[in-house]
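What you see is a predicted model; the values in this text were computed from it and never measured.
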There are 2 protein chains.
Amino acid sequence: MDKKYSNYDLDNLDIQILSILMNDASIPYTEIAKKLIVSGGTIHVRMKKMEELGIIKGSQLIINPQKVGFDITAFLGIYLEKGSQYSDAVKQLQDIKEVVELHYCTGQYSMFAKIVCRDTAHLRKVLNEDIQSLTGIQRTETIISLEESIKRQITL
Amino acid sequence: MDKKYSNYDLDNLDIQILSILMNDASIPYTEIAKKLIVSGGTIHVRMKKMEELGIIKGSQLIINPQKVGFDITAFLGIYLEKGSQYSDAVKQLQDIKEVVELHYCTGQYSMFAKIVCRDTAHLRKVLNEDIQSLTGIQRTETIISLEESIKRQITL
DNA sequence: GTTGAAAAGTGCTGCGA
DNA sequence: TCGCAGCACTTTTCAAC
């Protein structure tokens, strides 16, 4: 057994390190070390361990989509003709770069997508030309976000 | 007029820098400079400009929620008793840390939330105890994600 | 606005406890 | 396993173009 179901090799220190860097990945290890009263080397060892375990997927620069001209966020409930067409649909949706999230899910929809577009014309183009024309998709329901009030990662 | 509607002070170089760092914020400026055939100082100046303009919101360490014991992602369509209760509901939902995203939106739902929980028991607790008991919420509809097939930022 | 190099700070590695 | 110290690398700054 080389892998456990719950990867709870994390102690309090690990979790505190993650909590800090999940909010701001640019904080230096030395500063984290001071805050948690351990040495910088220890932070380094813990981070390396968590990277190797696959707990840490990497770091990303977070931008403000509206400031670069992407003003519309929409959610899309997708009905497939047959459930078996799921993996094929994923492949096709991967090529539509406006699709930033895609879930296979329970409930009324077969799939659920999050889409970010520049403006209403752009959204219409993505919905009518790009998505509706994919094979296997029966119909879609669109929910447009007028305001993103909360946006954060989980609290450990 | 101190602010334009579209903040298109971004040239190709800015966009290329953002595109690289949006995927991996740990890539050093010197390496980006080599790739884009400019000096490290220029990267620095551009980054500083974009931070001041609010285009860059910061950087985050991206973790794998499943590896730290958060196995369930769900979407929640929320019906409010009155639309005017929106801002009050936001405040209350902010205190529920399992809510990682919240949108005010068009369509059948008043609000739309994304929730991350440890397991089904945890999800049930959040739905039944935390969310249903908030004031102003009429009812909710839950969509459970069985697989997150796509997860990325917008392509500039 | 861009460059190139010097100064300051951070990350990494090995030895000792 | 943790902490300390030295080396390598990166970021930051700045005078000059």
Centroid-centroid under 6.0 Å between A:Phe112 and B:Phe112 rings: yes
Any donor-acceptor N or O pair under 3.5 Å, side chains A:Gln60, B:Ser59: no
Donor-acceptor pair between B:Thr73 and B:Glu148 side chains, under 3.5 angstrom: no
Sugar-phosphate only, base, or nothing, as touched by A:Thr30 at under 4.0 Å among non-hydrogen atoms: sugar-phosphate
SB check B:Asp71 B:Arg118 (cutoff 4.0 Å): no
What's the [atom1]-[atom2] distance between [X] and [N], to the nearest Å?
X: A:His44; N: D:dT10; atom1: NE2; atom2: P; value: 14 Å
X: A:Ile43; N: D:dC4; atom1: CD1; atom2: P; value: 13 Å
X: A:Ile27; N: D:dT11; atom1: CD1; atom2: P; value: 17 Å
X: A:Leu61; N: D:dT11; atom1: CG; atom2: P; value: 13 Å

Note, A:Lys57 side chain near B:Ile63 side chain (heavy atom, < 4.5 Å): no
Nearest-nucleotide comparison on DNA chain C, the residue closer to the 5′ end among B:Lys49 and B:Gly40: B:Lys49
From D:dC2, D:dG3, D:dT12, nucleotide with atom closest to A:Val38 side chain: D:dG3
Presence of A:Arg46 side-chain N/O under 4.0 Å of D:dT1 phosphate oxygens OP1/OP2: no
Chain A footprint on DNA chain C, 5' to 3' - any atom under 4.0 Å from a heavy atom: C:dT10 to C:dT13
Qualifying residues under ring pair (Phe, Tyr, Trp, His ring centres under 6.0 Å), relative to B:Tyr104, sequence neighbours excluded: B:Tyr86
